[in-house]
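Inspection log for the structure reproduced underneath, given as structure tokens.
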Protein chains: 2
Amino acid sequence: MGRRNTIQKQLVLDAVNKFMGHPSAEEVYNSIVESYPDISKATVYRNLNHLVDSGQLLRLTVPGSADKYDATVSNHCHALCKYCDKFIDLELENPVVIDFNDKALKENMVDDFVILFTGICPDCMEQKRKIKD
Amino acid sequence: MGRRNTIQKQLVLDAVNKFMGHPSAEEVYNSIVESYPDISKATVYRNLNHLVDSGQLLRLTVPGSADKYDATVSNHCHALCKYCDKFIDLELENPVVIDFNDKALKENMVDDFVILFTGICPDCMEQKRKIKD
DNA sequence: TTTTGTGCAAAAACTTTGCAACGTA
DNA sequence: TACGTTGCAAAGTTTTTGCACAAAA
């Protein structure tokens, strides 16, 4: 189970870190290939899996598209634009509070959750406004 | 865009309704094929999509497995067991409250959300207990 | 030297699509 | 009749896997 450090693994981690937003495996691959053309897509997938397993990346399961990866591991949440499918980081002023003592949650020893908001991003709102005029 | 009622569409809706839990497209197909062997998997997928579009079913995007379908359209949430991947309906005593006036939520015109809890289901808890003994 | 990781290609898992025939309104 | 729906097969998308070789520890 001991993990070795390889150039490829570092490239994958760096790629997700540098990426604006939340890249898919394909996007990670594309961004690495530019500078390191010999990397294989299988290696990208394998390293993404390792990095998720070791807690260095978060895997985001998104309705309607391939998994995305997030270098920001700390607690935050996301919103999905229902028009353009843009996936947005959200910093809530008042974080969502869950009462983990709720009966159903205790029964299933729930200790974590993910929350995905859906809305209309500012860009799409602007589009809609223009069309109305 | 007008939708017609077909035997197949009704079979798909019934199958999801009768299913214990939250079937995948594959499971819906398997349960229909027993009594209606000529149905095609494409038809199941197409009807699931129509039924989701028309609000008669909910599509549940689950990390690590195929989409599931839910005949209970009303507001509720789910938990995923981190050991057996069982997908569980949750009835919270105190529903999760979101402050939709939060700055980030207003900016993106967020009007809805889904929440997925992760925990250990009673069955897996029992398993773990047995192993310890 | 002993694993573990890599690249490649093939396969697996899941879902959609083109098309001719069919069924519903 | 008109057009939405079906079954089938093919193709599309995303991810994993088998294997021989290469590279870390």
Side-chain angles (χ1 to χ4, degrees), chain A residues 1-16 19 21-54 56-70 80 85 87, chain B residues 1-16 19 21-70 80 84-85 87:
Chain A
M1 208 4 185
R3 290 280 143 74
R4 292 175 182 179
N5 294 320
T6 62
I7 297 162
Q8 291 88 342
K9 184 178 188 176
Q10 193 58 52
L11 286 169
V12 168
L13 185 54
D14 290 351
V16 179
F19 204 93
H22 308 88
S24 63
E26 178 86 27
E27 289 169 322
V28 171
Y29 171 77
N30 288 336
S31 81
I32 296 175
V33 146
E34 289 177 28
S35 58
Y36 194 90
D38 284 350
I39 198 165
S40 123
K41 206 172 275 186
T43 296
V44 170
Y45 273 101
R46 278 185 288 233
N47 278 309
L48 286 170
N49 287 341
H50 293 160
L51 290 162
V52 168
D53 290 348
S54 70
Q56 295 175 82
L57 292 180
L58 232 50
R59 191 192 327 271
L60 308 171
T61 301
V62 187
S65 56
D67 286 353
K68 299 179 188 298
Y69 295 86
D70 193 338
L80 186 59
D85 280 346
F87 199 79
Chain B
M1 217 346 196
R3 290 280 146 72
R4 291 176 185 178
N5 294 320
T6 63
I7 298 163
Q8 292 89 341
K9 184 178 187 176
Q10 193 59 51
L11 287 169
V12 169
L13 186 54
D14 290 351
V16 179
F19 205 93
H22 308 88
S24 63
E26 179 86 28
E27 290 170 321
V28 171
Y29 171 77
N30 288 335
S31 79
I32 296 175
V33 145
E34 290 178 28
S35 58
Y36 194 90
D38 283 350
I39 199 166
S40 124
K41 206 172 275 186
T43 297
V44 170
Y45 274 101
R46 278 185 287 230
N47 277 309
L48 286 170
N49 286 341
H50 291 162
L51 290 162
V52 169
D53 289 348
S54 70
Q56 294 176 82
L57 292 179
L58 232 51
R59 190 192 328 270
L60 308 171
T61 302
V62 187
S65 56
D67 285 352
K68 300 179 189 297
Y69 296 87
D70 193 339
L80 186 61
C84 69
D85 280 347
F87 198 78

Spatial distance of atom OG1 (Thr6(A)) from atom CZ (Arg4(A)) [nearest 0.5 Å]: 10.5 Å
For Phe19(B), all residues meeting ring-ring contact (aromatic ring centres under 6.0 Å, His included), sequence neighbours excluded: none
Asn30(B) side, atom CG; Ile32(B) side, atom CD1 - distance, nearest 0.5 Å: 9.5 Å
Side chain proximity check, Asp85(B) to Ser65(B), heavy atoms < 4.5 angstrom: no
Side chain to side chain, Val28(B) and Val16(B), heavy atoms closer than 4.5 Å: yes
Partner set under side chain to side chain contact (heavy atoms under 4.5 Å, CB included) for Thr43(B), not counting sequence neighbours: Gln8(B), Ile39(B), Ser40(B), Arg46(B), Asn47(B)
Any residue of residues 28-40 of chain A with a heavy atom less than 4.0 Å from an atom of DNA chain D: none
Residue pairs passing the ring-ring contact (aromatic ring centres under 6.0 Å, His included) test where at least one lies in residues 23-55 of chain B, sequence neighbours excluded: none
Inter- and intrachain pairs under salt bridge (charged side-chain N to carboxylate O under 4.0 Å, His left out), touching residues 22-42 of chain B, at least two apart: Glu26(B)-Lys41(B)
Whole angstrom value for the distance that separates P of dG4(D) from CG of Asp53(B): 15 Å
For nucleotides 20-23 of chain C, tabulate all protein N/O to nucleotide N/O atom pairs closer than 3.5 Å, reporting atom names and distance.
unit_1, atom_1, unit_2, atom_2, d
dG23(C), N2, Arg4(B), NH1, 2.1

Residues that Asp14(A) engages under side-chain hydrogen bond (donor to acceptor under 3.5 Å, both in side chains), provided they are two or more places apart: Gln10(A)
Sugar-phosphate or base contact per nucleotide [nucleotides 11-22 of chain D; S, B, -; heavy atom under 4.0 Å]: ---SBBBB----
Nucleotide dA24(D), atom P - distance to CD of Gln10(A) in whole Å: 13 Å
Protein-nucleotide distance (His50(B), atom NE2; dT6(D), atom P), rounded to Å: 8 Å
N or O in side chain of Asn47(B) less than 4.0 angstrom from dT6(D) OP1/OP2: yes
Set of side chain to side chain contact (heavy atoms under 4.5 Å, CB included) partners for Arg59(A), sequence neighbours left out: Asn49(A), Val52(A), Asp67(A), Tyr69(A)
Results of ring-ring contact (aromatic ring centres under 6.0 Å, His included) for Phe87(B) - residues two or more places apart only: His22(B), His78(B)
Five-pair end axes of the helix from dT1(C)-dA25(D) to dA25(C)-dT1(D), angle between them (10°): 40°
side-chain N/O Arg3(A) vs dG5(C) OP1/OP2, d < 4.0 Å: yes
Phosphate-side-chain proximity, Gln8(B) and dG7(D), N/O vs OP1/OP2 below 4.0 Å: yes
Counterpart residues, side chain to side chain contact (heavy atoms under 4.5 Å, CB included), relative to Leu51(A) (two or more places apart): Lys9(A), Val12(A), Leu13(A), Gln56(A), Leu57(A)
Distance, rounded to the nearest Å, where Lys9(B) contributes NZ and dA25(C) contributes P: 10 Å
